[in-house]
Amino acid sequence: MIDPKLLRSDANGVATNLARRGFSFDADAYLALEEKRKSLQVETESLQSERNKSAKSIGQAKAKGEDIEPLLAAVNDLGARLEDTESALQSVQTELRDIELGLPNLLADDVPDGNSEDDNLEVRRWGEPKAFAFAPKDHIELGEALGGLDFDAAAKVSGARFAVMQGGLARLQRALIQFMLDTHTSEHGYRETYVPYLVHAHALEGTGQLPKFEEDLFKTTTERPFYLIPTAEVPLTNLGRDRIFDVGELPLRLTAHTPCFRSEAGSHGQDTRGMIRQHQFEKVELVHLVAPDQSEAALEAMTGHAETILQRLELPYRVVALCTGDIGFGASKTYDLEVWLPGQQKYREISSCSNCNDFQARRMKGRVRNADTGKPELLHTLNGSGVAAGRALIAVLENYQQEDGSIRVPDVLKPYMGGIDTIA
RNA sequence: GGAGAGAUGGCUGAGUGGUCGAAAGCGCUCCCCUGCUAAGGGAGUAUACGUUAAUAGCGUAUCGAGGGUUCGAAUCCCUCUCUCUCCGCCA
């Protein structure tokens, strides 16, 4: 959520910023509603004040044994008037909140302008795409030939956009996950965390998936519905919900491995083949909860942590700054890591690291006591993939393939693979 | 799933319709006293919103959440959530 005070004081400035995303915010309509809210609130509160005063004097009169009938008569119509303004105020406030919950985050100044992912700005590259002495295959061909990747079997059980993995490939994904968790916890200062995979709506509202993107989520049909998490960002970030941290407790660096569930509504036809885009995939997530002045540095650090994984795996990648047209709803600034996939001869997203500054914290009331003033202020949240395990598996398959279709095991994964150096 | 008990400020815990944002204790902060530690005395110590130049005042809301009764609700009623105890079931 954008600071309502800022919306009031500089609605046009907000509109200009959001326009960079191609989002149109009707500042005048908002301000008109806001004026209405203000007068209703002032009126409501003065009526409440009047009511409280009368109630108090009635209490005092009664204690002294005086006749309270005249006093009761005097407040006779107060209740009805209060009820009217209170309900009017509430409906205006609901309207305002609906608007506010629908507004994306303000963009950082240095987010490059652009309309689509083609306009993202390359920040740096690491590694050289390997030159193969043969025509490299894609992960689908490799996996099916190895017998460990089966989309037909998955289709029988669950339909399209699911995969069954077995044997060496299944173990390789587990190895990747273990390696990532171990690296982040032992070298990057993250706390390993186990979280629920089913969450309530309010958690998703906190991180920004709701109310706007419900169609992207899977939802249970229980009386009080749960949603399947689309990313561990949701339960991890919400650990800061309704809390006031002491400044010494931050920064909090959290990591969790979870499956992620996405309906992929609206992505028909995209990446339908293979494991790139699935309803269910594994991911190691990184989340930072930090004091407000720390988030810019934290974004660079977090991106570096995800890069470390790719570097240790010796996977060529590039870092791009997402442009105004491609950046996510809750992010003020995002770096994507794109790994080289020889099967596609393309860089493909494998991690996305975002600074959400106070956007999520405001929604979930996550605060930190200011070191100087002692006053609570909104903390800043960041999230990033460290990295997507399913896609990392694809990257390893394609980059480590040999001419006979076998897969060399990356050195850093060997300890997790029982020492074997090839999957054949 | 069955039966019962509970949810109050950083913590413990009082408060069953009126002057209660809330006793008391602990903790914490500041001051005083005290030749350093200990003990003692005093003051302060929630959050959000509104109004405002103001993190000054003043007002409003908040005692798990939401609704209701009432001139007035932490206190009474309803629904929900969570916690605990016992039974059942179970990885």
Side-chain angles (χ1 to χ4, degrees), chain A residues 1-10 30-31 33-101 194-206 210 220 222-227 235 238-250 291-293 358 360-379:
Chain A
M1 228 160 86
I2 295 173
D3 186 357
K5 285 186 182 135
L6 182 66
L7 284 171
R8 263 171 252 162
S9 62
D10 187 20
Y30 180 84
L31 289 175
L33 202 56
E34 175 51 34
E35 275 305 310
K36 210 164 142 194
R37 186 228 95 228
K38 188 183 282 192
S39 68
L40 279 170
Q41 180 160 345
V42 169
E43 190 183 349
T44 303
E45 289 187 357
S46 84
L47 286 173
Q48 283 172 329
S49 174
E50 205 178 314
R51 179 204 58 197
N52 289 347
K53 280 194 195 111
S54 323
K56 203 167 271 191
S57 57
I58 290 171
Q60 282 165 347
K62 208 173 172 187
K64 288 186 216 152
E66 295 169 3
D67 180 19
I68 60 168
E69 282 308 318
L71 289 167
L72 283 178
V75 295
N76 207 7
D77 66 327
L78 237 184
R81 281 160 63 205
L82 232 185
E83 213 169 296
D84 287 348
T85 59
E86 270 177 348
S87 73
L89 175 63
Q90 196 175 17
S91 85
V92 169
Q93 277 173 332
T94 303
E95 229 177 304
L96 281 168
R97 185 168 171 83
D98 287 347
I99 293 173
E100 287 158 7
L101 285 176
Y194 175 80
V195 292
Y197 303 160
L198 294 168
V199 296
H200 283 142
H202 65 94
L204 289 149
E205 188 177 296
L210 289 180
T220 67
T222 44
E223 192 181 344
R224 208 171 160 230
F226 290 106
Y227 293 84
N238 273 283
L239 292 179
R241 163 175 291 273
D242 286 323
R243 277 193 65 175
I244 302 178
F245 289 93
D246 284 328
V247 74
E249 295 178 87
L250 302 183
D293 58 337
D358 62 8
Q360 296 178 321
R362 182 171 291 107
R363 285 169 168 246
M364 57 191 203
K365 298 190 179 70
R367 289 168 292 174
V368 54
R369 231 167 253 292
N370 183 286
D372 299 323
T373 65
K375 293 288 174 193
E377 56 189 6
L378 293 169
L379 50 80

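Computed from heavy atoms alone, side chains included, the values below leave out hydrogens, waters and symmetry copies. Every value quoted in this text rests on a predicted model; they were computed, and no experiment measured them. By convention in this document, chain letters (A, B, ...) are assigned in the order of the sequence lines, proteins followed by strands, and residues within each chain are numbered from 1.
- Taking the P atoms as reference points, rA43(B) lies 14 Å from rC26(B), given to the whole Å.
- At least one side-chain heavy atom of Leu101(A) sits under 4.5 Å from a side-chain heavy atom of Met1(A).
- A salt bridge between Arg243(A) and Glu249(A) is present, with a side-chain N of the basic residue lying under 4.0 Å from a carboxylate O of the acidic one.
- Annotation: side chain of Leu378(A) is in contact with side chain of Arg367(A) (closest heavy-atom distance under 4.5 Å).
- Distance alone, capped at 3.5 Å, places no donor-acceptor pair between the Asp246(A) side chain and the Gly248(A) backbone.
- Interatomic distance, CZ of Arg51(A) versus CZ of Arg81(A), reported as 12.5 Å (0.5 Å rounding).
- By the 4.5 Å heavy-atom criterion applied to side chains, Pro4(A) and Arg8(A) are counted as neighbours.
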When you check every protein heavy atom under 4.0 Å of nucleotides 55-71 of chain B, what one-letter string (B, S, -) results, 5' to 3'?
----BSS-----S---B
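- Look at CG on Leu7(A): it is 14 Å from P on rC49(B), rounded to the nearest Å.
- Of the C1' atoms belonging to rA74(B) and rA65(B), the separation is 15 Å, rounded to the nearest Å.
- Across the P atoms, rC78(B) and rC86(B) are found 28 Å apart, a figure rounded to whole Å.
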What would the secondary structure line of RNA chain B be in dot-bracket form, counting Watson-Crick and G-U wobble pairs under 3.5 Å, with [ ] for pairs that cross earlier ones and | for pairs with another strand?
((((((((.[[[..)..(.....]]]((((((.......))))))((((((.....)))))).[[[[[..)....]]]]])))))))....
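- Look at CZ on Arg241(A): it is 15 Å from P on rC82(B), rounded to the nearest Å.
- rG4(B) and rC90(B) have their P atoms separated by 24 Å, given to the nearest Å.
- For rU51(B), the OP1/OP2 oxygens have a side-chain nitrogen or oxygen of Lys38(A) closer than 4.0 Å.
- Look at CG on Asn370(A): it is 16 Å from C1' on rU47(B), rounded to the nearest Å.
- Considering only heavy atoms from C-beta on, Pro292(A) comes within 4.5 Å of Val368(A) through its side chain.
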Each nucleotide N or O in nucleotides 7-12 of chain B that has a protein N or O under 3.5 Å away: list the pair and distance.
none

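- Listed for the Arg241(A) side chain is no donor-acceptor partner under 3.5 Å among the backbone atoms of Met364(A).
- On the P atoms, rU45(B) is 25 Å away from rU51(B), given to the nearest whole Å.
- Atom CD in Glu86(A) sits about 15 Å away from atom C1' in rG50(B), given to the nearest Å.
- Checking Gln60(A) against Pro376(A), the closest nucleotide of RNA chain B that is more toward the 5' end is the one next to Gln60(A).
- Rounded to an integer number of Å, the gap from Lys5(A) NZ to rA54(B) P is 10 Å.
- Within a 6.0 Å radius of CD in Glu83(A), other residues, nucleotides and ligands contribute 12 heavy atoms or fewer.
- rA24(B) and rA46(B) have their P atoms separated by 14 Å, with the value rounded to a whole Å.
- Taking atom C1' in both rA39(B) and rG50(B), the straight-line distance is 47 Å, to the nearest Å.
- In this structure, Leu7(A) and Ile99(A) have side chains that are not in contact, with every pair of non-hydrogen atoms separated by 4.5 Å or more.
- One side chain, Glu45(A) or Gln41(A), offers a donor N or O that lies under 3.5 Å from an acceptor on the other.
- Nucleotides rU75(B) and rG17(B) place their C1' atoms 6 Å apart, quoted to the nearest Å.
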